[in-house]
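The next block holds one structure in the form of structure tokens; read it before the comments.
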Amino acid sequence: MTQIQIYLHDTLKQRKIPFTPIDKNNVRMYVCGPTVYDKAHLGNAKTPVVYDVLYRLLCYVYGKEHVTYVSNITDVDDKILNKHKETGKSIHEITEQTYNWYIEDMAKLNVLAPNYRPRATEYIADMIELVKKLLANGHAYEAEKQVLFDVDSMPSYGRLSGRSMKEMLAGARIEVADYKKNPADFILWKPSDAGQPGWDSPWGYGRPGWHLECSAMSSKLLGNDFDIHGGGSDLIFPHHENELAQSCGAFPNTKFAHYWVHTGMLMIDGVKMSKSLGNFYTVEEVLQKEPAEALRLLFLTTHYHQPFNFTFEGLHNAKAILDKFYNALLKNTDVPTVEAQPNPKIIEALADDLNTPLALSYLHEMVNTLNKAENTQERAKLKSELLASAYMLGLLYNNPEAWFKGENNEETAEIETLIQKRADAKKNKDWATADAIRNILKERGIVLEDSPTGTTWKKI
RNA sequence: GGCCGGUUGGCAGAAUGGCUCAUGCAGAGGAUUGCAAAUCCUUCUAUAUCGGUUCAAUUCCGGUACCGGCCUCCA
């Protein structure tokens, strides 16, 4: 089989380029995960869904056993510390609970587990080593019990975010600490007070700066050079810029990530999601309205690189699309699945910088074709291809019957009884009773569908 | 203020130097149905604006307007 050529938009080169892995037998991707201090919001969910599709594509093209996907968990951070001060809960309790919520959300959204979900606190020793290397290589200095990265020692600093030192100074809104050689210098290690999380280090009891963990963990798990580094576009500066500087400083003659991929920000009704605007939604809240798969589909209807505008109308629309897809599957429940490959057009669309909207349009085509198919053999083929294709997007993972009926057995029994009563009425051409039952159920959000073989029902 | 990205039909959202600008939702009409639902068929509506390059631009280049992001913690 000829290798499929993947194209990705690289932030460093600022254009779409062909993707060539360092080692096609071990394609390596690192994606910045959440800081575990609160329930995941919609933005926290969108990014992993996007990289999940990329992961699925990489696995398809290079083979699952030839892909290593790392997504970190930041469990040491001042936001966690603040949460601890606010709530009185222990740091451990906060991070464990938030981590578990996150994993649950990811599972609901059908995000495949990465090969590694490393936690920052498990790699402190590696971070300390990294700081030592940076000091030894002349890229860092100590000041006021802190260790700082010396950006002037790295002439290429600023190239990822496409900004020069001068620009950064012009735009700086923060007060510059006077112990910094350059205002852009950032913290590698800082001291902790007795009650704060900390570790012993050559620079005293303290904790790492935010950016350090990703440099340390990617190096440890993927090597100093690896293929793809991803995250939200808000991380380009300063986070990724700083990671890049640290890693290249610590490991001279390496490139760190060879491809930088960033996802567009999520907005709510056209404006940035923020707590102060009152348009802040957690994944949990949104999933009370519609199933997780609808949210997943919705995320994929916009190209990942574009800003994504979330609306509840859009979410509802996504649910309606899935209803259509599951309708097609429901009608073919008795049709066996056969060995099938995903639609090549969908692979092609995804390989072209993850064009999920185009891929979804082909999914629609396939569903339409399936709905029109006559014989069972043809249907089996089409259904199987549809499922294989949907898998690439992580969609259609629910049972079609459960999708429409839910799992409430008591309710199911009650509905079935009413349907039987209505069937009797229909037999006697008692249309008034038949319609009355239809209306009773309709008010409860249950739609009846008559067919030559009997009546089925759905929740809408 | 600096840097970056965007502006396609009622809405969502792809693609493309030229032939009818995909797909979905919504709308209209029809088939089917006891009624309905689902499905199928047909169908209306768009490339922000002003210039330039070109035989030809929505697509390339430049200006303008508007929107968003980043410059500070952020997926």
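Chain letters run A, B, ... following the sequence lines, proteins first, then strands; residues in each count from 1. These numbers come from the heavy atoms of this one structure, side chains and all, not from hydrogens, waters or symmetry mates. What you see is a predicted model; the values in this text were computed from it and never measured.
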Confirm from the modelled atom types if [X] and [N] form a donor-acceptor pair under 3.5 Å, side chain to base only.
X	N	value
A/Arg422	B/rG34	yes
A/Asp435	B/rG34	yes
A/Asp450	B/rC35	yes

Are [X] and [Y] ion-paired here, with the side-chain N under 4.0 Å from a carboxylate O?
X	Y	result
A/Arg56	A/Asp52	yes
A/Lys372	A/Glu378	no
A/Asp450	A/Arg438	yes
A/Arg207	A/Glu213	no

**Study point:** Close aromatic pair by centroid cut-off 6.0 Å: A/Tyr281 and A/Phe312
**Key:**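 So the answer is yes for these two rings.
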Tell me whether the OP1 or OP2 atom of [N] has a side-chain N or O from [X] closer than 4.0 Å.
X	N	value
A/Asn371	B/rC40	yes
A/Thr35	B/rA75	yes
A/Lys442	B/rA37	no

Whole-angstrom distance between [N] and [M], as gauged at atom [atom1]:
N	M	atom1	answer
B/rU23	B/rU16	C1'	16 Å
B/rA26	B/rG34	C1'	29 Å
B/rG69	B/rC44	C1'	37 Å
B/rU58	B/rC50	C1'	15 Å
B/rA48	B/rU59	C1'	15 Å

Review point. How does RNA chain B read in dot-bracket, base by base from 5' to 3', with Watson-Crick or G-U pairs under 3.5 Å and | used when the partner is on another strand?
Key: (((((((..(((.....[....))).(((((.......)))))....(((((..]....))))))))))))....
Review point. Could you state the NE2-P distance from A/His303 to B/rG6, rounded to the nearest angstrom?
Key: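 Value for this atom pair: 11 Å.
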Check your understanding: How about A/Phe325 and A/His364: do any of their side-chain heavy atoms sit closer than 4.5 Å?
Key ->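 The answer is yes, as the side chains (C-beta and beyond) meet within the 4.5 Å cut-off.
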Practice item. Taking atom types as modelled, find out whether A/Asn398 and A/Glu293 have a side-chain donor-acceptor pair closer than 3.5 angstrom. Key: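 There is such a pair between these side chains.
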Practice item. Classify the side-chain pair A/His229/A/His240 by whether it contains a donor and acceptor separated by less than 3.5 Å. Key: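 There is such a pair (donor and acceptor under 3.5 Å, judged by atom type) between the side chains of A/His229 and A/His240.
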Atom pairs, N/O to N/O, protein against nucleotides 23-26 of chain B, distance under 3.5 Å?
residue : atom : partner  : partner atom : Å
B/rG24  : OP1  : A/Asn368 : ND2          : 3.4
B/rC25  : O4'  : A/Asn317 : ND2          : 3.4
B/rC25  : O2'  : A/Asn317 : ND2          : 3.0

Check your understanding: What's the closest nucleotide to the A/Glu313 side chain, out of B/rG34, B/rC70, B/rC11?
Key ->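 In terms of side-chain proximity for A/Glu313, the closest of B/rG34, B/rC70, B/rC11 is B/rC11.
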**Study point:** Evaluation steps, salt bridge (Lys or Arg N to Asp or Glu O under 4.0 Å), between A/Glu401 and A/Lys458
**Key:** CA-CA 8 Å; A/Glu401 268 202 46; A/Lys458 292 171 184 170; over 6 Å; no
